[in-house]
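Step one of this worksheet: look at the structure below.
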Amino acid sequence: MGKLKGMSMEWIDNKLILIDQRYLPLEEIFFECTNYKQAAISIKDMIVRGAPAIGATAAFGMALASFEFDSEDKQNYIKKMQNAKIELSKTRPTAVNLFWALNRMYSLIEDKIENLETKEMSILLEKEAVNIAKEDIEINKAIGLNGGKLLNDGDTVLTHCNAGALATVDYGTALGVIRGAIESGKNIKVYADETRPYLQGARLTVWELMQDGIDTTLISDNMAGWVMNQGKIDAVVVGADRIAANGDTANKIGTYSVAVLAKRHGIPMYIAAPLSTIDMKTKTGEDIPIEERNHDEVRLCHKIKMVMDNVKVFNPSFDVTPNDLITAIITEKGVIKPPFDENLKKLFK
Ligand SMILES: CSC[C@H]1O[C@H](OP(=O)(O)O)[C@H](O)[C@@H]1O
């Protein structure tokens, strides 16, 4: 029986325990997944969120499904595992890590099921899910090491949304770069965009960084331009949900605006992401599906009604930053610079 513990999730005694990020930072409540449907709900309802964290959760969802169905005959087992994969794949459309993780788990079934009993398959799937989660932590530390070198001692970094330990299994991607720079001895300060409407920045990034004792200033999203204009920002570092083959990047709504502002002010715009977020099958940003979420996420502020009930709402959860606004993509394999189409092709050849 495998074990794993990260900031966003823990796998113990064949159960996935998630910190319910909907209640942070005011309450630390946990959500226990003992079957794959609960794992699917946790992704769809953003109990867990963040591309790598979603991927790891889906992987554990497949392990839970296998334990659920491994008393069936092999044909039924395969059919039910296919259904579990389909159901988990329908939870959220933008973060490619979800599909990357599901494909990695399911191809293990395709490769091994002929020669294994279903209960042996469960053990293998559990090990693979634990591997995905453990690899994620190591990958984030490598991203931190590579990205930390791009920041200078005394820099102030603007972040958007949460691409920290809570968006991954642990350590984080964009916040991993900040942690990596600090661990290398550099003094780094952070301005964190609150990131309406779900407030991942105000609620999650601030919670993480203040626990680390990192100098953090919270701003509302509409302040980003002015703090840049006032010379307070030396670099922008954000995460990603899907990076297209030409470097166009989908990330939390508002990232595109921050990138335009950074370009205007000559401030480097860094994307921090694992290779599992790069989708070479998606040619450009125009091909990235953008999730639209419940309109009450905009109408309410943490369940408090702020506006007229019947007002129309548009609530895209992500936007796409075109590659010409991106300075570099920081991965565990190194820092990718323009021309992104050529350099990403080299990385994946
Ligand atoms: C390290 S990926 C984090 C990425 O995911 C977030 O979206 P959500 O909170 O809706 O899952 C946001 O786009 C972050 O940059």
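Start at 1 and go down the list; that is how both ligands and their atoms are numbered.
Residue contact check: T173 has heavy atoms under 4.0 Å from atoms 1 (C) of ligand 1. Atoms of ligand 1 found under 4.0 Å from any heavy atom of P52 (numbered from 1 in listed order, with element): 1 (C), 2 (S). Less than 4.0 angstrom separates some heavy atom of R92 from each of these atoms of ligand 1: 8 (P), 10 (O), 11 (O). Ligand-side atoms of ligand 1 in range of A167: 1 (C), 3 (C), range being under 4.0 angstrom from any heavy atom. Atoms of ligand 1 found under 4.0 Å from any heavy atom of Q200, numbered from 1 in the order shown, are 8 (P), 9 (O), 10 (O). Within ligand 1, the atoms closer than 4.0 Å to a non-hydrogen atom of A240 are 2 (S), numbered from 1 in the order shown.
By the 6.0 Å and 45° rule, R203 stacks over the aromatic ring of Y198. A cation-pi arrangement, defined by a distance under 6.0 Å to the six-membered ring centre and an angle within 45 degrees of its axis, is present between K252 and F318.
When only modelled atom types and interatomic distance are considered, E332 and N146 share no side-chain donor-acceptor pair under 3.5 Å. Side-chain N/O atoms of T34 and Q38 include a donor and acceptor closer than 3.5 Å. A side-chain N or O of S66 and one of Y77 form a donor-acceptor pair less than 3.5 Å apart. A donor-acceptor contact closer than 3.5 angstrom is absent between the side chains of E68 and N35.
Formation of a donor-acceptor pair under 3.5 Å by the D155 side chain with backbone atoms of L151 is not found in this model.
Taking distance alone, with nitrogen or oxygen atoms compared against 3.5 Å, D241 approaches ligand 1 more closely than that limit. Ligand 1 has an N or O atom lying under 3.5 Å from an N or O atom of K252, backbone or side chain. The shortest N or O to N or O distance between I54 and ligand 1 is not below 3.5 Å. For ligand 1, the polar-atom distance check finds no N/O of N162 at less than 3.5 Å from any of the ligand's N/O atoms.
Residue-level proximity to ligand 1 for A53 is absent, since no heavy atom of it falls below 4.0 angstrom. Under 4.0 Å from ligand 1, not a single heavy atom of H160 appears. Residue contacts with ligand 1, taken as heavy atom pairs separated by less than 4.0 Å, do not involve Y198 at all.
Just one of V335, I330, L275 meets the side-chain contact (heavy atoms from CB on, under 4.5 Å) condition when paired with I143; it is I330. Checked options E297, E292, H295, E291; the residue passing with N315 is E297 (criterion: side chain to side chain donor-acceptor pair (under 3.5 Å)).
If you check which protein heavy atom lies closest to atom 15 (O) of ligand 1, you get N251 OD1, 2.5 Å. Looking from atom 12 (C) of ligand 1 to the surrounding protein, the closest heavy atom is C161 SG, 3.3 Å.
L102 and L124 fall within the same hydrophobic cluster, defined by Ile, Leu, Val, Met, Phe, Trp and Tyr side-chain heavy atoms under 4.5 Å apart, directly or through other members.
The shortest heavy-atom distance from A174 to ligand 1 is not under 4.0 Å.
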> For K189 and T216, what are the C-alpha separation, side-chain angles and deciding distance, and is it a side-chain hydrogen bond (donor to acceptor under 3.5 Å, both in side chains)?
Replying inline: CA-CA 6 Å; K189 292 181 181 168; T216 305; over 6 Å; no
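The closest heavy-atom contact to atom 9 (O) of ligand 1, among the options E291, R49, R293, comes from R49.
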